[in-house]
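One structure is given below, encoded as structure tokens.
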Amino acid sequence: MNTESHSVSPLSGGSTVSETYSMTIDGQAADAPATFGVINPATGEVAEQAPDASREQLDAAMASAQAAYAEWRRDESARRKALLAAADIMFAKSEEIGRILTLEQGKPLGDATMEVVGAGVWLKYFADLELPREVIQDDDHALVEVVRRPMGVVAAITPWNYPLLLAIWKLAPALLAGNTMVLKPSPFTPLSSLKLGEVLRDVLPPGVLNVVTGGDELGAWMTSHDVPRKISFTGSVATGKRVAAAAAPDLKRVTLELGGNDPAILLDDADPAAIADKLFGGAFQNNGQVCSAIKRVYVPEALYGDVVDALAERAKAAKVGDGLQEGVQFGPINNKPQFERVGELVADALAGGARAAAGGKPVDGPGYFFEPTILADVADGSRIVDEEQFGPALPIIKYTDVEEALARANGTHFGLSGSVWSADADRAAEIAGRLECGTAWVNTHLALAPHQPFGGFKWSGVGVENGPWGLYGFTEMQVVHRSKH
């Protein structure tokens, strides 16, 4: 669901660890020799301090996970009960953790609370998901079964757009399969994951989940560490390539979710008025900071003006502000590097002849607020079309031939998801089937669910998350062959 577009770390010095936020190592609260500041993006000021883990603490977390693995992998029933208990905690503490999430991430409190609730939903789904044992031969000669075995310790590295939910996307299937985990959240949003580690200490045996926080150096230590057998990473393409390179010498398994530049193609029979709300929501959910959000819209010439006007109307009406304020629809962009990147891409488009039908600039005042922006008269070749903006700015591109639009939609290194919109769902489905991406939606976008696999083609990633397929990604396949002679 997200990619960190920058690997810049917000680390700053600190002498003591906040009493509120501690790491979890071997089931215990763990302070660190130093801390770093966590910025509230609504103010641009440091709001809290988070522990900056040392190399020795990472070693301790890995050793704890390794020690816990032998027992944890044995009892599937206990694992399922633990995941259900964890889900109940997410539901019970959704507002408390949601406030922490808003403080560090910026999203409105209602959205943050729903992210925590979503974490509970994902936990419950995996708690009930079958771990298959397939019989492929049963005759006079042999009983041959294919079973799924855990891998060992999993290193999970998560992004800043949905820090809690995307941690659970990794944690729930990994733990169900019998693995243990060391989790490192983005340094922009470490607090909710630290809180996750804290509230799960009572329901997970020591060492099953360890949560450590720090900057890019900590991530590099994790990916090259000799203990983990798998790395599950969500973030930028550039960082994902470094993760894959670091994993290769040890032949670590990897799942890499690396974001996208998702196209939406409107066919000539689409009704702009009927679909405008869905299009706008599909592009601007979480302030556009969703890896699978609509990043560019291809519109036939005859519909172009109506689509631009409808989306601009919604952008102008949107309420932007501190996520803790009543009625706010969109909070700030999460961090300064991403705020500057969105501004740079919008300015580049405007300088190249694009027109801001809505927005087009930062909001005056403190914090990383940017006006919801609709860009018209923009074309392929513009940076904001060709690159992933990951923020509240949407280019609308005119086309004359659907084959041309499809070629342009596919003409990118990305391939996460896309959508096609039409009054004729069958016609749209035929076009959607030709999109080169992991998920192709028809007359909707961002319809995600725990039972539905999520992954990308090309540079958008390796492997999938969610559903039984995501679970299999945290297992090794073993053949058990019993001779009957």
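Only a predicted model underlies this, so the values are computations on that prediction, with no experimental measurement involved.
- The environment of Gln28 atom CD is sparse: at most 12 non-hydrogen atoms of other residues, nucleotides or ligands sit within 6.0 angstrom.
- Between Phe390 and Ser236, every side-chain heavy-atom pair lies at or beyond the 4.5 Å cut-off.
- When each of Asp26, Leu209, Asp59, Val153 is tested with Ser64 by the rule side-chain contact (heavy atoms from CB on, under 4.5 Å), just one qualifies, namely Asp26.
- In Arg80, the CZ atom is crowded: over 12 heavy atoms of neighbouring residues, nucleotides or ligands sit closer than 6.0 Å.
- When atom types are taken as modelled, the side chain of Asn335 and the backbone of Pro41 share no donor-acceptor pair closer than 3.5 angstrom.
- Of the possible polar contacts, none joining the Arg229 side chain to the Arg253 backbone as a donor-acceptor pair under 3.5 Å is found.
- Trp169 and Phe454 have perpendicular rings, their planes meeting at more than 60° on a 0 to 90° scale where under 30° would count as parallel.
- Ring-plane geometry between Tyr125 and His451 is classed as tilted, the angle between the planes lying from 30 to 60 degrees on a 0 to 90 degree scale.
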CA sep, side-chain torsions, deciding dist, call: Ser192, Glu104, side chain to side chain donor-acceptor pair (under 3.5 Å)
CA-CA 8 Å; Ser192 54; Glu104 64 178 355; 2.7 Å; yes
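- More than 12 heavy atoms of other residues, nucleotides or ligands lie within 6.0 Å of NZ in Lys458, so this atom counts as buried by the packing criterion.
- Between His445 and Trp441, the angle of the ring planes lies from 30° to 60°, which puts this pair in the tilted group.
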Donor-acceptor contacts under 3.5 Å from residues 319-333 side chains, at least two apart:
| residue | atom | partner | partner atom | Å |
| --- | --- | --- | --- | --- |
| Lys319 | NZ | Glu326 | O | 3.0 |
| Asp322 | OD1 | Leu324 | N | 2.9 |
| Gln329 | OE1 | Lys319 | N | 2.9 |

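- At least one donor-acceptor pair closer than 3.5 Å links the side chain of Asn334 to the backbone N or O of Gln105.
- Tested against Thr43 for a side-chain contact (heavy atoms from CB on, under 4.5 Å), the candidates Val46, Ile39, Asn40 yield a single pass: Asn40.
- With respect to Arg341, the side-chain hydrogen bond (donor to acceptor under 3.5 Å, both in side chains) criterion is satisfied by exactly one of Glu388, Gln389, Glu387: Glu387.
- The neighbour count for Glu95 CD, taken as heavy atoms of other residues, nucleotides or ligands under 6.0 Å away, does not exceed 12.
- No donor-acceptor pair under 3.5 Å is formed between the side chain of Thr373 and the backbone N or O of Gly359.
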Where do Leu394 and Phe284 land on the side chain to side chain contact (heavy atoms under 4.5 Å, CB included) test, with the steps shown first?
CA-CA 8 Å; Leu394 181 66; Phe284 286 88; 4.0 Å; yes
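- Checked by atom type and distance alone, the side chain of Gln289 pairs as donor or acceptor with a backbone atom of Asn286 at under 3.5 Å.
- Among Ile25, Thr213, Asn210, Val212, the one residue that satisfies the side-chain contact (heavy atoms from CB on, under 4.5 Å) test with Gln57 is Ile25.
- Using modelled atom types and a 3.5 Å distance limit, the side chains of Trp122 and Asn466 yield a donor-acceptor pair.
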